[in-house]
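Below: one structure, written as structure tokens.
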Amino acid sequence: RKEVEQDPGPFNVPEGATVAFNCTYSNSASQSFFWYRQDCRKEPKLLMSVYSSGNEDGRFTAQLNRASQYISLLIRDSKLSDSATYLCVVNNFNKFYFGSGTKLNVKP
Amino acid sequence: GAVVSQHPSRVICKSGTSVKIECRSLDFQATTMFWYRQFPKQSLMLMATSNEGSKATYEQGVEKDKFLINHASLTLSTLTVTSAHPEDSSFYICSAKQGKRTEAFFGQGTRLTVV
């Protein structure tokens, strides 16, 4: 079983839409969680960390549910520049495991 | 934010030769560095984890004699792909982590093509 599972998408949404991505992880002992963004043929860049209490950064909201081993990312008011692949990342004992990524296409 | 520089960004080499990729943390001390490989339309696969001054820990299925990792200082780790073959062609990315901080920051990646 994969450490981290994500819906690969693609999610095709119009500008201004709200879109949500989900991710599940298999190791209940995982310590920390992140969303990264990867543009085509570029390196991943940290978007935000994910906490049980939920955290928000502008149009982005991340949530962690430890009981269900589930992580989510909500993007409000989508912009064209949000088009990218969003990677769910889990840290197990100092090793980072990546989901396969969810591709988002925001269209005018 | 923390900056990680990876070099070269792109390399083409002949089958059987060796290629060295450098990963540097520019504005922080990287106690742990990670090396990943990413094939087209696939996720990043962790190859190995290295802590400064000690031997790298390789993931299952990754040949340590083929992918030599050196983390000799707190700001530099190198990955050497030895006796490269066309199937080693991939996007190799390093990331670095500082001490007890939980985030990792990525280099720009190296696209290796073995012909």
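Residue numbering restarts at 1 for every chain, and letters A, B, ... go by the order of the sequence lines. The figures here come from the full heavy-atom set of this structure, side chains too, leaving out hydrogens, waters and symmetry mates.
- One hydrophobic cluster, built from ILVMFWY side chains closer than 4.5 Å, cannot hold both B:F105 and B:L76; they sit in different ones.
- With ring centers used as reference points, B:Y36 lies 6.0 Å or more from A:F96.
- Surrounding NE2 of B:H7 are at most 12 heavy atoms belonging to other residues, nucleotides or ligands under 6.0 Å away.
- Interface remark: B:Q6 contributes no atoms to any contact with chain A (heavy atom separation under 4.5 Å).
- Counting heavy atoms of neighbouring residues, nucleotides and ligands inside a 6.0 Å radius, atom NZ of A:K95 exceeds 12 of them.
- The distance between the ring centers of B:F34 and A:F98 does not fall below 6.0 angstrom.
- For the set B:G109, B:S95, B:S43, B:P40, the entry with the most heavy-atom pairs within less than 4.5 Å of chain A is B:S43.
- Grouping the Ile, Leu, Val, Met, Phe, Trp and Tyr side chains by contacts below 4.5 angstrom, directly or via other members, places A:V106 with A:L47.
- Highest contact tally toward chain A, considering only B:Q42, B:E103, B:M45, is held by B:E103 [criterion: heavy-atom pairs under 4.5 Å].
- Side-chain heavy atoms closer than 4.5 Å link hydrophobic residues (I, L, V, M, F, W, Y) into clusters, and following such links, even through other members, never connects B:I69 to B:M33.
- Using a 4.5 Å cut-off between heavy atoms, A:S49 touches chain B through its side chain atoms alone.
- Placement of B:V114 and B:M47 within a single hydrophobic cluster is found when ILVMFWY residues are connected by side-chain heavy-atom separations under 4.5 Å, directly or transitively.
- For NZ of B:K66, the number of neighbouring non-hydrogen atoms (other residues, nucleotides, ligands) closer than 6.0 Å is greater than 12.
- Residues B:V62 and B:W35 share a single hydrophobic cluster, defined by chaining ILVMFWY side chains whose heavy atoms lie under 4.5 Å apart.
- Residues of residues 75-92 of chain A lying within less than 4.5 angstrom of chain B, judged on heavy atoms, are A:L87, A:N91 in numerical order.
- Remark: A:Y36 OH to B:L44 CG distance equals 10.5 Å, nearest 0.5 Å.
- With respect to chain B, the highest number of heavy-atom pairs below 4.5 Å among A:P8, A:G101, A:G99 belongs to A:G99.
- The greatest number of non-hydrogen atom pairs below 4.5 Å with chain B, out of A:Q6, A:K42, A:Q38, is found for A:Q38.
- Atoms CD and CD, on B:Q38 and A:E43 in that order, are 11.0 Å from each other to the nearest 0.5 Å.
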